[in-house]
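All figures in this text were calculated on a predicted structure; none of them were measured in a lab.
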Amino acid sequence: MSDAAWRMPASPYRGSWRLAGRFWPTVREDPADAEAISHKLSVRAGLVRQLAAGLYTVTPMGLRVIQRVEAIIREEMNRIGAQELLMPVMHPAEIWEATGRYGLSEQFRLEDRGGRPMVLGMTHEEIVTWHAARELRSYRDLPQSWYQIQTKLRDEPRPKSGMLRVREFTMKDSYSFDADADGLEKSYAAHSEAYARIFDRAGLLWYRVESDVGMMGGSGAHEYMAPSPSGEDVVARTASGSYAANVELATSVACEPAFGEPFGAPEEFATPGIGTIEELTAFTGQHPATLAKSVVLVADSGPVLAIVRGEHQVHEKKIAHIIGEHRAAHPEEIREWFGADPGSLGPVGVSAEVRIVADSTLEQGHYVTGANRDGFHLRGVVLGRDFAAETADIRTVLEGEESRDGSGPIELVPVIEIGNIFKLGTKYSEPLGATYLDENGQEQQIIMGSYGIGPARVAMAAIEQGHDDNGIIWPTGIAPFDVHVVLIGDPDSAQGEYAGALWAELSDLGLEVLLDDRPGLRPGEKFVEADLLGCPVRVTVGKRTLPDGPLEVMVRRTGEKSEIALEGAAHAIRALWDGLAAG
RNA sequence: CGGGACGUGGCGCAGCCUGGUAGCGCACCUGCUUUGGGAGCAGGGGGUCCCCGGUUCGAAUCCGGGCGUCCCGACCA
């Protein structure tokens, strides 16, 4: 075989491709095990291939999209003065021991040849702080913002939805180091602005929402969420977006049911065979919001009775904030503590060993609760009078409930988390000894923030938000190419030569152009694959084009076709693309 | 970690219930025709039927164990 047979055609244009000879494995049918749209289309459009659960190879075509996302991220991170660096994926375990994060269930652990325990990085707070502790000594060294785009490894219990939830992925993670809380606010705000520009430029519909600080710890956090039916998280927001929060901490104004006349004391009544709230609603004819739901949990400290109104659910995360790690109680345990089975449980007359946590909504009104006697309930039960309980927000938000800021009813939206920002404070700088000397020579702790974006999730979210029956519809900002030139005919033909010249001219005008010059393919196949790939503008060059034109140009998003004269065609296409990019 | 489904040429699937020559479509190779929306005809190559064990004269098929992948839940910076 001669060299020429396997060499790629020479291209003077780094960003533009001639397709002939390239590795671009498209697929006609949806992969059998794919559920999410982005999973199906990313495989079909030849962007990724799966190696194992949660492990994906990105193809040359897919890598173009990822790299465009990364390019936007780099520009915007650099714009706010963040500096790119690169830290190792493999870390000595002892650094993670210092912060108490060694041994987390998602952590990949291994040993080096000397038997030293090592971990693969799930994130880099420990490592970056370790460096900061050694290098940043004076207030004159602050503030700093460092970032990297690098591999993270997490042994996810359940990888899913293609590239949306994987065990190995690249993340842009940045870390800010400030002298004080004001400095952190500035770094946080700078990242917030950079993130807004990044996600706008990536062409996503996105929300910035309040989030739980979770295992990262710290004093405040926001998540960036792209709405999508394939999303794993849920955001509670109002139509205007003036209120938006992860449901894990969202609050709302619960409805105000008619409680009716209060009772002087709880009254027991028979409820034979009644267990669930639905049954109790039907039996009593009362609104579920006037019934109290009792859930028994077991925390480290012992049994916990969590109470919410009938229309609500106890939210796992919210109750966990109060009682810590916990599990559901076994039926035998419930029998022992309450003397009744689930379905007839309530807070009245419960032994002191049971901690009672009631949702704040219970502070108003009187309720029907279980009587802790099988087949009986109490009506007229009042919190504070008939039983004592801690109160807190432990319930889920319901769609349709009013927002606390008065901006209207709450809607619940499934979303993909594409980024997050955390105010870490001293959570990492303290255990790792990251301190500096202030103007007075006093040792102070460095105040940190951490900020993440998943470029592949950005790409997948774009697919989720932009597709039709024929394939992907990329936003102009992150499409693999700006213009897709479909050559119909032989590369050596007159139209082949014209297509090559147009390709070069468009590239000279600053566009990244894909020229489908693959020989032997039928026109239909090229069109179908062009639709699948979804570049914003498609130009067709065929027999009809020469010698007098016109060129057929199609906008992928609208399907709108137009004809362009050969004279000045490249400039006209560039102008068309500029119009799409602008709006 | 609980529940469920699936595992058969590269991809998508049938066959399994009722054991007896491994099949279909697409893709791939060769030839001819075709060439503006996934072509037609003819010929051809390619499979440890996920793995291990058991039952049987004989196992893709029945039984047991394991592994893998996906979905639901739990979990999740």
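- Of the nucleotides present, none pairs with G19(B) by Watson-Crick or G-U wobble criteria with both distances under 3.5 Å.
- Taking the six-membered ring where tryptophan is involved, the planes of Tyr451(A) and Tyr195(A) are perpendicular, since the angle between them exceeds 60° and thus also 30°.
- Nucleic acid contact for Arg49(A): none, since no nucleic acid atom lies under 4.0 Å from a heavy atom of the residue.
- When heavy atoms are screened at a 4.0 angstrom cut-off, Lys152(A) is found touching no nucleic acid atom at all.
- When heavy atoms are screened at a 4.0 angstrom cut-off, Ala52(A) is found touching the sugar-phosphate backbone but no base atom.
- With RNA chain B read from its 5' end, the first of the two nearest nucleotides for Pro31(A) and Pro159(A) is the one closest to Pro31(A).
- Rounded to a whole Å, the CG atom of Leu521(A) is 14 Å from the P atom of G37(B).
- Between the C1' atoms of C75(B) and G54(B), the separation comes to 38 Å (whole Å).
- Across all strands shown, nothing is found opposite A59(B) as a Watson-Crick or G-U wobble partner with both distances under 3.5 Å.
- Across all strands shown, C32(B) forms a Watson-Crick or G-U wobble pair, both distances under 3.5 Å, with G40(B).
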Which nucleotides of nucleotides 23-30 of chain B have their base under 4.0 Å from a protein heavy atom (B), which only their sugar-phosphate (S), and which neither (-), written as one string 5' to 3'? --BSS---
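- Comparing G23(B) with G38(B), their C1' atoms are spaced 25 Å from each other, to the whole Å.
- Trp146(A) has its ring centre no less than 6.0 Å from the ring centre of Tyr175(A).
- Backbone-only engagement by Ser161(A) is indicated by non-hydrogen atom pairs under 4.0 Å involving sugar-phosphate atoms exclusively.
- Heavy atoms of Glu529(A) sit under 4.0 angstrom from at least one base atom.
- No contact: Asp173(A) has no heavy atom under 4.0 Å from any strand.
- OP1 or OP2 of C70(B) has at least one side-chain nitrogen or oxygen of Gln50(A) nearer than 4.0 Å.
- A distance-only check finds a donor-acceptor pair linking the side chain of His467(A) to the backbone of Glu464(A) [under 3.5 Å].
- Considering only side-chain N and O atoms, Arg44(A) lies nowhere under 4.0 angstrom from the phosphate OP1 or OP2 of C11(B).
- Nucleotide G25(B) has C11(B) as its partner under the Watson-Crick or G-U criteria, with both atom distances under 3.5 Å.
- Using N1 to N3 plus N6-O4 or O6-N4 for Watson-Crick, or N1-O2 and O6-N3 for G-U wobble, each under 3.5 Å, G73(B) pairs with C1(B).
- OP1 or OP2 of C76(B) has not a single side-chain nitrogen or oxygen of Lys160(A) nearer than 4.0 Å.
- Within 4.0 Å (heavy atoms only), Gly542(A) reaches at least one base atom of the nucleic acid.
- In this structure, Trp206(A) and Phe199(A) have tilted ring planes: the angle between them lies in the 30° to 60° band.
- Residue contacts shown for Glu552(A) include a base, since a base heavy atom lies under 4.0 Å away.
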